[in-house]
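In what follows, a single structure is set out as structure tokens and then discussed.
Indexing begins at 1, ligand by ligand and atom by atom, following the structure's order. Just so it is clear, the model here is predicted, and its values are computed rather than measured.
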Amino acid sequence: MPQQVVQRRSRGFICVNAHPEGCRRNVERQIAAIGVQGKPPRRGPRNVLVLGASTGYGLASRVAAAWGFGAKTLGVCLERAPEGNKTATAGFYNTVAFHELARKDELFAASVNADAFSDEAKRMVREIARKDIGKFDLVIYSLAAPKRVHPRTGAAYNSVLKPIGQSYTNKTVELDSEKVSEVTIPPATDQEIADTVAVMGGEDWTMWIDMLMEHELLAERVRTLAYSYIGPEMTWPIYRDGTIGRAKKDLERVAHKLDSRLRNQLGGEARIAVNKAIVTQASAAIPVVPLYMSLLFRVMKQRNLDEGALEQMRRLFFDFLAEDAAPKYDDDGRIRLDDREMRSDVQAEVSSLWPRVTTENLRELSDFAGFQRNFRSLFGFEVDGVEYSVPVETLVSW
Ligand code: NAI
């Protein structure tokens, strides 16, 4: 098996390769942060399906389910496998590491690398569930996708990140050149709004639940969750009130519908969890938001409040999904994990820094350094303890 030295290669801000050992360390760090080593797992969901399981919130959910509760997990993701000298995507290496570490700890794991929007992915999940898992008692919907081909009509949709109704101007940081500048984003067309809802809204979530219900693969008292974001008013034109927010509102509408169906038929429930802003490939692509996150992380770290994907999912699983949890929901029945981000003192300080941040003081006023490092570590680079001059095996699989 050939080994090679893998150094970070970027196109603009985005890394175009990934480091298998760095990705493995990231997964190990998440497992360690669950903090239950040596103790018996907590009681909670036992058979968990995670859609979008290879990075970000989906991966952290999967780690929390497996190492927090000893659950069998089935993950669905869409990742590029390694080929020749070309490395795989980070999500692929994360999944390889997840499988290796799960095997070591005698946890059942299966993963499907396929387009979750397709009938084929749904068929593969069905087969694995029937053969090796049984009925799911938790289904997490954590896809962040740029496009979707509709399985019935074949229509192709692309999601966009745009305001609705009027253009939006605000500060942003150009991730590549580290310049703080003003950006103006034109409003989305009706078609773009509809297409974004088709990709990131609730239709595919419904299709998954319908399929699993029809094939009797949902357990009594099953729960299903999808993730959303609200954030501060300053970002609403591009997030909450923009195209992605429209898709999230659709997801919330679908949560209510699924909730009443699951309640009636299985005593189950469907909910939205509103999560904190964290660095992922999906969130870094939103205009304005990376500058907001850089300021937010500084303010939250100063107060010892900051959380990454795993800390958020640990709270979700232990405080809301464990059998002995006493969960509290907001007035719309949503789980709020964004409570620390939205604290009034945190938001007041971010707002006071916002007008002052410039190209010159970016690294002083904000945690842009942390944002950048965090972003690179998503691809397995700049991860503590990894010797990047040492050749590694890149042609691996699970
Ligand atoms: P991410 O980019 O880290 O993960 C996306 C996942 O979806 C990956 O596992 C990827 O392989 C999978 N995926 C994408 N297209 C797919 C397809 N066609 N078929 C199968 N798998 C596919 O994203 P992130 O940020 O973890 O987002 C997950 C959810 O959490 C999204 O709904 C997002 O809106 C939400 N969220 C994210 C926040 C953030 O700050 N990152 C904050 C609050 C909510």
With a 4.0 Å cut-off on N to O distance, would you call R334 and D330 a salt bridge?
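Yes, this pair counts.
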Residues which pass ring pair (Phe, Tyr, Trp, His ring centres under 6.0 Å) with F92, listed by chain and number, not counting sequence neighbours
W398
Do any N or O atoms from the side chain of T87 and from the backbone of T394 form a donor-acceptor pair under 3.5 angstrom?
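Checked: no pair found.
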Counting distance only, does the side-chain N/O of T359 pair as donor-acceptor with the main-chain N or O of V180 below 3.5 Å?
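Flag set: sc T359 to bb V180 pair under 3.5 Å.
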Considering only heavy atoms, which protein residues lie less than 4.0 Å from any atom of ligand 1?
G52, A53, S54, T55, G56, Y57, C77, L78, E79, A114, D115, A116, F117, S142, L143, A144, A145, Y227, S228, Y229, Y239, K248, N275, K276, A277, I278, T280, A282, S283
Given the side-chain rings of W67 and F98, with only the six-membered ring counted for Trp, is the space between their centroids under 6.0 Å?
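Centroid separation for W67 and F98: below 6.0 Å.
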Would you say the side-chain atoms of R261 and N264 include a donor-acceptor pair closer than 3.5 Å?
no
